[in-house]
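Counting convention: from 1, in listed order, for ligands and their atoms alike.
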Amino acid sequence: MSKIDLLRSVLGRAGVDALWVSAPANVRWLSGFTSAEDGKVLVTPGGATLYTDARYTVQAQEESGLPQHIARPPATYEHAANTVRGLRVGFEAESLTVAELEDLRAAWPDSTLVPLRGTLGGLRAVKTAEEVEAIRAAQKLADQVYGEVRPLIRAGARELDIALEIETRLRRAGGSSAFDLIVASGPNGAKPHGHASERVIEDGDLVTIDMGARLDGYNSDMTRTVAVGTPSAEMKRVYGAVLEAEEAAVAAIRPGVRASDLDKLARDILTRHGLGEAFAHSLGHGVGLEVHEGPGLRGTSQDVLEAGMVITIEPGAYLPGVGGVRIEDLVLVTEGGYEVLSHSPKESV
Ligand SMILES: CSCC[C@H](N)C(=O)N[C@@H](C)C(=O)N[C@@H](C)C(=O)O
């Protein structure tokens, strides 16, 4: 079944006849068109059209097999008005701006606009074999670059210099950084998203490196925390607890497991070590065309793991003024359980 047909099969359940797709990752997934600047797809019972502007005429022809219409709003909306007349048209509540919604309402007076959440995200959570290979390739590049840069993480180096080395090597290999790199040393490790600063790494620091490669549009995500010299007994204990939680959560991955149960499993372990409050975020998330996508591995998640999902498992513990630890693997859910896609070593601390 094509992706468009798969989407049509869920639109009825969502209570709409058609969908106006505006989130760049969803546009790309449906149409193959890669520009995040200007691309929309209208899916109706009888067809699907890719809308973009004249800067992307050639690119759209090269990348997408969908029929295309080149225009800028409001001409885009006026062109689509005939097609959507009398239809209930879903729109992506998480990505359409209020201004765009107002313009759609003005241009489509004879349609009913219905806000939808997660319709395409739900479909994208289970990857095709090609998508899994793309993510595997991105992670392979990340593992290679991490291995090259690991010897540079030592006392006297600045966090920024480590980040620059990683970014440069990802670029040279034809990829890019999937997100603003996290290199957080010593007390900076207490910030889960401590972006690389001018801080000079000191003897005794733990250093958290959270990095991802983006290759052909697909992302990877992995975190390692390493010791420079000998860390304090307290941070060694924290590292051991986070590693225990991470390994236990990975080992519990299989189709049918509730994402919220996995989060609880890891959280309970950290709580037993007195670090429940220090685990300040969710256990993990899906990874694909976006670094953060479905399923969500958090306490409130309704998601259930399925074979073909690619997820992260990344417990952490953050102690303000002291430091932090996060350990993250990228994992494919398989029919029989799981396959860890990230292969960078987890060092003993
Ligand atoms: C801004 S991209 C950061 C990527 C990083 N590896 C990451 O996923 N960090 C997690 C702590 C995170 O942001 N988790 C989200 C899903 C959350 O808990 O809300």
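Atom 13 (O) of ligand 1 has its nearest heavy-atom neighbour, among His285, His193, His281, in His193. Proximity annotation for atom 5 (C) of ligand 1: of Asp210, Leu297, Ile182, Asp210 comes nearest, heavy atoms only.
For atom 8 (O) of ligand 1, the closest non-hydrogen atom of the protein is His292 NE2, 2.7 Å. Nearest protein heavy-atom neighbour of atom 10 (C) of ligand 1: Glu314 OE1, 3.4 Å.
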* Asked: Can Ser177 and Glu167 be said to form a side chain to side chain donor-acceptor pair (under 3.5 Å), step by step?
  -> CA-CA 6 Å; Ser177 185; Glu167 293 232 29; 4.7 Å; no

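Those atoms of ligand 1 that come under 4.0 Å of a heavy atom in Glu328, given as number and element, are 6 (N). Near Ser282, the atoms of ligand 1 lying under 4.0 angstrom from a non-hydrogen atom of the residue are 15 (C), 16 (C), 17 (C), 18 (O).
Defined by atom type and a distance below 3.5 Å, a donor-acceptor pair is present between the side-chain atoms of Ser95 and Ser22. When only modelled atom types and interatomic distance are considered, Asn219 and Arg214 share a side-chain donor-acceptor pair under 3.5 Å.
Taking Ile, Leu, Val, Met, Phe, Trp and Tyr as members and joining any whose side-chain heavy atoms lie under 4.5 Å apart, directly or through other members, the hydrophobic cluster of Leu152 also contains Leu141, Val145, Tyr146, Val149, Ile153, Ile162, Ile166, Leu170, Leu181, Val183, Ile201, Val207, Ile209, Met211, Leu215, Met222, Val226, Val228.
Using cut-offs of 30° and 60° on the angle between ring planes, the pair Tyr318 and His281 is tilted.
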